[in-house]
Asks: 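Dropping a structure here in structure tokens format, bear with me for questions.
Position 1 is the first residue of the sequence; numbering continues from there.
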Amino acid sequence: ALGLTADGREALIMTWEDNESPVACWLAPLDGPGEPRRVLQGLGEQRTAFAALSPDNRWLAVVAEWTGHPEVYLTRFPSGEGRWPVSVGGGLAPAWSADSSRLYFITGGESIAVVTVDEGPRLSRPEIVVAEAHRSVGSADAPSFALMPDGRFVHPLPSRSQSEGAPPALKLVLDKELNIPSVLTS
């Protein structure tokens, strides 16, 4: 499951038949009877499709290939109505702030960017918050970062001084960059 609704009664899941079939996003009930219901379909390839439900359950951020390459879009939840582009030039791995006012994602240039989301929705222009993000170990397509409830996040950084195979350094970001000593990251 990609996440749970705020009340914990439904799970957001993705399905696909095979690599040829478009990915679909569904809500599946976790308690009691009921059939899963489709929220969105035709998101694109399995390797890049992803969705993140806002904590207030109003918005669904999805990675879809509606323009031929992965981009982040915003749609209303649970209706799936509307389609607002968030990223420009590529986007992956959307993640919401705890108050649903900011949406973070990885840009096509592998930076971490953020947009603010207001009523309507009105979206700000993407602002780069970390210029050099790093792809997850073992995943060719999904850069990673962990967003914490207070708005800080942790992500691996490539290190030019580390030997091959050594774990990447970690950086903690809170309005400014703070380097974490390697003693705390190993």
Side-chain angles (χ1 to χ4, degrees), residues 1-6 11-14 23 25 39-40 43-45 47-67 69-78 80 82-158 168-180 185:
L2 296 171
L4 301 177
T5 55
L12 183 66
I13 59 173
M14 287 191 152
V23 175
C25 225
V39 178
L40 285 174
L43 298 179
E45 293 184 23
R47 68 178 184 84
T48 57
F50 187 78
L53 181 58
S54 66
D56 65 6
N57 279 8
R58 296 187 60 218
W59 306 107
L60 185 63
V62 297
V63 176
E65 295 186 21
W66 292 322
T67 59
H69 59 279
E71 294 284 0
V72 178
Y73 295 88
L74 194 62
T75 186
R76 293 189 195 285
F77 182 82
R83 186 183 295 176
W84 293 271
V86 174
S87 61
V88 178
L92 295 169
W96 288 95
S97 63
D99 65 1
S100 301
S101 68
R102 292 176 311 283
L103 180 63
Y104 296 85
F105 62 95
I106 303 292
T107 69
E110 296 188 8
S111 297
I112 298 175
V114 63
V115 296
T116 57
V117 180
D118 291 337
E119 299 296 319
R122 287 188 313 262
L123 303 171
S124 68
R125 290 181 183 257
E127 175 186 338
I128 302 297
V129 292
V130 175
E132 185 180 13
H134 182 67
R135 290 186 180 270
S136 303
V137 174
S139 174
D141 298 307
S144 69
F145 60 93
L147 189 60
M148 299 186 300
D150 65 1
R152 293 179 295 166
F153 53 92
V154 178
H155 67 93
L157 285 179
L170 292 180
K171 185 177 275 189
L172 179 65
V173 178
L174 173 61
D175 295 329
K176 61 180 181 176
E177 297 178 2
L178 304 171
N179 287 318
I180 299 173
T185 61

Asks: Return the set of residues passing side chain to side chain donor-acceptor pair (under 3.5 Å) with R58 (not counting sequence neighbours), or none when no residue passes.
Replies: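 R58: side chain to side chain donor-acceptor pair (under 3.5 Å) contacts with E119.
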Asks: What pair of heavy atoms forms the shortest contact from S87 to V72, and how long is it?
Replies: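 So the two residues come closest at OG-N, 2.8 Å.
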Asks: Under a 4.5 Å cut-off applied to non-hydrogen side-chain atoms, are C25 and L60 in contact?
Replies: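 A side-chain contact under 4.5 Å exists here.
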Asks: Taking all non-hydrogen atoms of both residues into account, name the closest pair between T116 and S124 and its distance.
Replies: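 Shortest heavy-atom contact: N-OG, 2.8 Å.
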Asks: Sub-3.5 Å donor-acceptor pair from the side chain of E71 to the main-chain atoms of G90, do we have one?
Replies: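 Yes.
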Asks: Please name the pair of heavy atoms, one in E65 and one in P70, separated by the smallest distance, quoted to 0.1 Å.
Replies: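 Taking every non-hydrogen atom into account, CG-N, 3.8 Å.
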Asks: Grab the two heavy atoms, one from T107 and one from A113, that are nearest each other, plus how far apart they are.
Replies: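 Scanning both residues, the minimum pair turns out to be CG2-CB, 3.6 Å.
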Asks: Only one of L92, V115, I112, V63 passes side-chain contact (heavy atoms from CB on, under 4.5 Å) with F105; say which it is.
Replies: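 For F105, the side-chain contact (heavy atoms from CB on, under 4.5 Å) test succeeds with only one of L92, V115, I112, V63, which is V115.
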Asks: Identify, with sequence neighbours excluded, every residue that meets side chain to side chain donor-acceptor pair (under 3.5 Å) alongside S54.
Replies: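 Here the qualifying residues are D56.
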Asks: For V114 and E127, run side chain to side chain contact (heavy atoms under 4.5 Å, CB included): C-alpha distance rounded to whole Å, both residues' side-chain angles, the deciding distance at 0.1 Å, then the answer.
Replies: CA-CA 5 Å; V114 63; E127 175 186 338; 4.3 Å; yes
Asks: Please evaluate residues S100 and V117 with respect to the criterion side chain to side chain contact (heavy atoms under 4.5 Å, CB included), reporting the C-alpha separation (whole Å), side-chain torsions for both, the decisive distance (0.1 Å), and the verdict.
Replies: CA-CA 8 Å; S100 301; V117 180; over 6 Å; no
Asks: Answer whether the closest heavy-atom distance between the side chains of P121 and L74 falls below 4.5 Å.
Replies: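 When only atoms from C-beta onward are counted, L74 and P121 do touch, with a gap below 4.5 Å.
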Asks: Taking ring-ring contact (aromatic ring centres under 6.0 Å, His included) as the test, write out the residues that go with F77, two or more places apart.
Replies: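 ring-ring contact (aromatic ring centres under 6.0 Å, His included) check on F77 returns nothing, list empty.
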Asks: Once side chain to side chain donor-acceptor pair (under 3.5 Å) is applied, do any residues pair with S97, and if so which ones, sequence neighbours excluded?
Replies: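 Testing S97 for side chain to side chain donor-acceptor pair (under 3.5 Å), a comparison that skips the adjacent residues, returns D99.
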Asks: Tell me every residue that passes side chain to side chain contact (heavy atoms under 4.5 Å, CB included) with P85, counting only those two or more places apart in sequence or in another chain.
Replies: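 For P85, the residues satisfying side chain to side chain contact (heavy atoms under 4.5 Å, CB included) (neighbours in sequence not counted) are Y73.
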Asks: If you compare all heavy atoms of P78 against all heavy atoms of V39, which two are closest, and at what distance to 0.1 Å?
Replies: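 Taking P78 first and V39 second, the nearest heavy atoms are O-CG1, 3.7 Å.
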Asks: Side chain of T75, backbone of G82: donor and acceptor closer than 3.5 Å?
Replies: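 Judged by distance alone, yes, a pair lies under 3.5 Å.
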Asks: How long is the span from the CG atom in L123 to the CZ atom in R125, to the nearest 0.5 Å?
Replies: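 Answer rounded to 0.5 Å: 12.0 Å.
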Asks: Just by distance, do the side chain of N57 and the backbone of T5 share a donor-acceptor pair under 3.5 Å?
Replies: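 Such a contact is absent between N57 side chain and T5 backbone.
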Asks: Please identify each residue that fulfils side chain to side chain donor-acceptor pair (under 3.5 Å) with T67, with sequence neighbours left out.
Replies: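 Partners of T67 under the side chain to side chain donor-acceptor pair (under 3.5 Å) test: none.
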Asks: For A52, does its backbone N or O pair with a side-chain atom of W96 as donor and acceptor, under 3.5 Å?
Replies: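 Flag set: sc W96 to bb A52 pair under 3.5 Å.
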